[in-house]
Amino acid sequence: MTPPRPILEIALPVPLRRVFDYLPPDDLDTHKAGILAAGTRIKVPFGNRQMVGILLRSKTQSLLPADKLRSALSILDKQPVLDSQQLKLLQWAASYYHHPYGEALHTALPALLCKTRSPKPKTTNHWQLSLHGKGLPEQALKRSPRQSAALDFIRSHPGLSTRQISDAGISEHAIRALYQKKLIEPLPTFSEDLTTDIDNRLTGAETAVTAEPGLKANKEQQLAIDAITGARGFECFLLDGITGSGKTEVYLQVIESVLKQGRQALVLVPEIGLTPQTLARFSARFNRRACSYHSGLTDRQRLQVWQAAATQEADIIIGTRSAVFLPLKNPGILIVDEEHDTSFKQQDNFRYSARDLAVVRGQLENIPIVLGSATPSLETLQNALDGRYKHIRLLQRAGRASPPAFELIDTRTAPLEQGFSAKLLTNIRNQLEAGQQVLVFLNRRGYAPALICGNCHWVATCPHCDTRLTVHRKQNLLRCHHCDFRQTLMTACPSCHNPKPDFVGMGIQRSEDFLQQHFPDFPTLRIDRDSIRKESDWEQLNSTIASGQPMILLGTQMLAKGHHYADVTLVAIVDADQGFFSADFRSAERMAQLITQVSGRAGRTGKPGKVLIQTRYHTHPLLKTLTTESYHQLARSLLQERRLLDLPPFTYQAIFRAEAKKAGQAEQWLANVKKQLQQTSPAIKLIGPLPCIAEKRAGFYRYELTLWCRSRKALHAGLDKCFLYLEEEKTVNRCRWHIDIDPYFS
Ligand code: ADP
Ligand code: ZN
Ligand code: ZN
């Protein structure tokens with residue numbers, strides 16, 4: 001009797017919260033189909049399309065009748081592309097974030113692995129035998145005479161391109177097969193290797209792990225290193241060290257011990273801009289391969305790093321958010337640097353927190369994880385206070401720098417010129433004339449300049465959204481920051497023909513113009529998302545700053561991201577209020593982190609630093625605590641406040657957001673969800689539906705329903721029930737919606 005055909009349970013990248021059953025491809029024999037490994041990519045028909053799915057398991061029975069099952073088309077991998085640990089992590093994540101599993105899997109994969117065609121070697125590749133190919137026993141390919149001939153040809157003609165080899169009568173198919181068997185490899189060329197990313201030092205046990213000796217750790221650092229390297233299996237450490245206390249040196253020495261055990265280190269950092277800096281520091285220290293993984297790489301480069309991590313060709317990987325999903329053959333430690341940074345949370349589609357998933361991954365892999373920050377998030381701090389995380393503090397600066405002095409400027413009494421008080425301007429001038437650098441910080445969100453008519457009160461708004469258009473004077477444009485609608489800046493009010501409409505609020509461009517006019521003898525360098533897009537922009541910026549010439553560095557939130565400004569002696573916070581006193585309950589935490597981070601970047605080479613903060617609320621206890629005591633003191637009072645108000649981290653939140661073209665439809669949909677949750681989950685507190693802050697965006701009306709619960713378990717149980725209901729109810733009241741677990745507002 002022939003055994004029955006196994007049934008393949010497959011996850012597909014579709015927005016449905018379920019998996020799909022298929023029969024194996026018709027030409028695959030039953031035995032082989034039965035032993036396919038989970039994590040293998042399989043091409044399947046779906047409707048009248050083809051898709052790449054991920055095999056979750058083989059099973060003997062399906063809920064569907066056999067004649068309803070379709071056959072898969074082909075198996076795309078010999079080795080699964082996702083290992084069992086990655087599958088576990090992603091399954092956990094999909095369930096925790098209530099996101100369709102198939103979509104979560106595809107978010108994790110590099111783009112080239114999601115295509116229905118396998119990535120082919122590029123035709124411009126020039127080939128040589130790999131180490132493995134060189135050592136292949138003579139008879140090993142005797143069952144594949146074409147591959148054997150191709151290998152012989154490449155052995156005797158190294159360095160030819162795919163085209164040249166196939167011109168000699170060797171099939172491309174054979175070349176590809178040799179490549180897939182790792183018997184040949186492309187010659188490294190400038191564009192093909194990862195240039196700064198992977199350096200070509202030898203790896204292997206015979207070379208020493210370190211290329212240069214570490215710094216002599218101070219007492220606090222040594223305690224931290226001993227605690228972390230002493231961990232057996234999973235343990236979560238909060239490395240809570242003031243800026244400049246030498247956290248990076250702690251990471252380096254911990255990684256050294258991991259590398260000596262022959263294991264890998266994964267380091268998550270918040271910004272692309274930080275990866276080259278961190279990478280350079282790590283590659284200088286170790287004789288091991290270090291790679292970076294971030295959105296600035298090409299698809300092919302991302303795939304290469306993915307493979308290098310999976311095979312342990314790379315021992316150290318430094319990456320942004322999505323690197324948390326990289327395969328690691330032999331992980332030894334996970335590090336999340338600047339763990340408080342909001343960029344670890346993905347804000348669209350699959351809304352995961354890479355920091356939180358890193359902790360889960362540490363648990364799954366049973367390895368230690370380090371969360372590092374000078375300004376830990378309140379969630380993490382509370383975990384440390386509760387004893388769930390081990391709290392390690394570094395209270396001394398490692399280098400020569402001393403902590404900055406704060407001073408508040410009361411803007412209720414000081415007249416402002418373009419947002420700057422005379423006192424602030426005088427301080428800036430004094431520093432510049434003394435040959436120093438000055439850092440001016442603008443809180444971007446509060447400052448988008450609008451075009452308003454002082455005569456008839458007409459305001460330039462987006463025709464598709466509810467939002468005010470932002471003035472971009474350099475481009476002579478009005479732009480919508482939600483839907484990217486653009487229109488030429490008008491010279492007169494379209495409503496009353498007043499020839500001089502006002503610009504209200506101050507954009508960074510306007511401050512740039514103002515500072516340039518005010519200080520014509522000193523350059524003003526702008527640092528924001530519009531002026532810095534690529535890694536190379538960061539490099540250029542860093543070298544200009546490193547020249548040490550007196551200049552003004554004018555920037556937004558980006559200034560606070562881990563850069564060192566050795567010659568900055570004055571930090572000017574133009575307006576602290578927007579940040580401190582906004583409606584978002586996290587805004588005080590964020591602003592405090594920002595001020596502390598920015599201030600900590602300055603005066604690091606021993607020159608004393610000063611921080612000037614303009615505010616209308618200079619007697620407010622929050623600002624007072626921050627400037628006369630410390631971030632940690634402030635964090636404690638914020639935590640008390642959160643506890644009193646039942647806010648995270650003492651409660652757990654989720655938000656449903658819905659949008660529809662017809663007014664009222666999204667609101668109605670959320671009202672239904674609310675009713676359902678009220679009936680089934682009384683423990684969940686509900687607020688809404690309320691219009692989102694920008695109610696209308698790109699022609700859609702947007703509403704949100706906030707869920708609140710003291711018990712994480714009860715919240716998720718309630719959501720599970722709710723999703724079952726939504727599956728059945730999905731034809732009613734169509735609108736686009738998503739759920740955001742542990743949401744951030746900003
Ligand atoms: P953090 O990441 O905590 O802000 P860094 O690791 O960047 O701090 O260290 C700040 C500065 O102090 C760096 O210039 C670093 O080289 C120096 N440093 C760190 N540890 C030591 C040490 N043990 N001895 C001397 N200098 C150190
Ligand atoms: Zn718009
Ligand atoms: Zn007007």
Side-chain angles (χ1 to χ4, degrees), residues 210-229 237-257 265 267-271 273-286 290 316 318 333-341 344 355 370-377 380-381 384 391-404 439 538 542 545-546 548 558-568 571 592-609 611 630-632:
T210 46
E212 58 175 37
L215 298 171
K216 169 119 186 49
N218 65 29
K219 219 165 164 186
E220 287 184 330
Q221 286 173 319
Q222 195 58 51
L223 285 173
I225 295 161
D226 292 344
I228 301 165
T229 53
F237 296 92
L238 165 57
L239 181 61
D240 180 350
I242 60 169
T243 48
S245 57
K247 293 185 288 298
T248 313
E249 186 59 34
V250 172
Y251 301 153
L252 285 164
Q253 298 198 22
V254 168
I255 290 174
E256 178 181 332
S257 119
V267 183
L268 301 183
V269 295
E271 283 280 327
L274 290 180
T275 55
Q277 284 193 342
T278 318
L279 191 65
R281 215 163 146 188
F282 285 33
S283 347
R285 177 69 58 91
F286 300 115
I316 305 163
I318 296 158
I333 191 144
L334 302 174
I335 294 171
V336 182
D337 193 23
E338 310 290 356
E339 68 84 30
H340 63 279
D341 198 282
F344 288 121
R355 175 196 64 203
V370 181
L371 306 179
S373 176
T375 53
S377 65
T380 299
L381 212 49
H391 199 166
I392 306 176
R393 300 204 57 180
L394 306 177
L395 298 166
Q396 273 145 34
R397 288 204 164 187
R400 285 174 294 144
S402 47
L439 204 149
W538 275 115
N542 283 329
I545 297 173
M558 269 185 129
L559 281 176
K561 306 242 181 196
H563 288 260
H564 298 175
Y565 308 103
D567 296 294
V568 168
V571 175
Q593 286 164 345
L594 238 152
I595 292 177
T596 311
Q597 291 284 348
V598 173
S599 312
R601 312 268 159 227
R604 293 182 63 142
T605 42
K607 299 176 189 169
V611 183
S630 65
Y631 171 79
H632 283 78

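Just so you know, ligand 1 is whichever comes first in the structure, and atom 1 is the first atom listed for that ligand. Nothing fancy with the numbering, it's 1 onward along the sequence.
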May I ask you to check whether [X] has an N/O atom sitting below 3.5 Å from an N/O atom of ligand 1?
{"X": "Gly246", "result": "yes"}
{"X": "Leu215", "result": "no"}
{"X": "Lys216", "result": "yes"}

Check: Looking at OG1 of Thr596 and CD1 of Ile242, how far apart are the two atoms once the value is rounded to the nearest 0.5 Å?
Finding: 11.0 Å
Margin query: To the closest 0.5 Å, what do you measure between CG (Asp240) and NE2 (His391)?
Written below: 3.5 Å
Check: Judged by non-hydrogen atoms, does Ala217 sit under 4.0 Å from ligand 1?
Finding: yes
Check: Does Arg281 reach ligand 1, in the sense of a heavy atom lying below 4.0 Å from it?
Finding: yes
Notebook entry, point to check: Is there side-chain contact between Leu223 and Ile392, with heavy atoms separated by less than 4.5 Å?
Noted result: no
Notebook entry, point to check: Will you find, in the side chains of Thr380 and Glu339, an N or O donor that is under 3.5 Å from an N or O acceptor?
Noted result: yes
Notebook entry, point to check: Taking atom types as modelled, is there a side-chain donor on Thr210 or Glu256 under 3.5 Å from an acceptor on the other?
Noted result: no
At a 4.0 Å threshold, what atoms of ligand 1 neighbour a non-hydrogen atom of [X]?
{"X": "Thr243", "answer": "4 (O)"}
{"X": "Asn218", "answer": "23 (N)"}
{"X": "Thr248", "answer": "2 (O), 5 (P), 6 (O), 7 (O)"}

Check: Under 4.0 Å between a Lys/Arg side-chain N and an Asp/Glu carboxylate O for Arg285 and Glu249?
Finding: yes
Item checked: Residue among Gln593, Glu338, Gln597 satisfying side-chain hydrogen bond (donor to acceptor under 3.5 Å, both in side chains) with Thr375 -> Gln597
Notebook entry, point to check: Which option out of Lys219, Glu249, Lys247 puts a heavy atom nearest to atom 3 (O) of ligand 1?
Noted result: Lys247
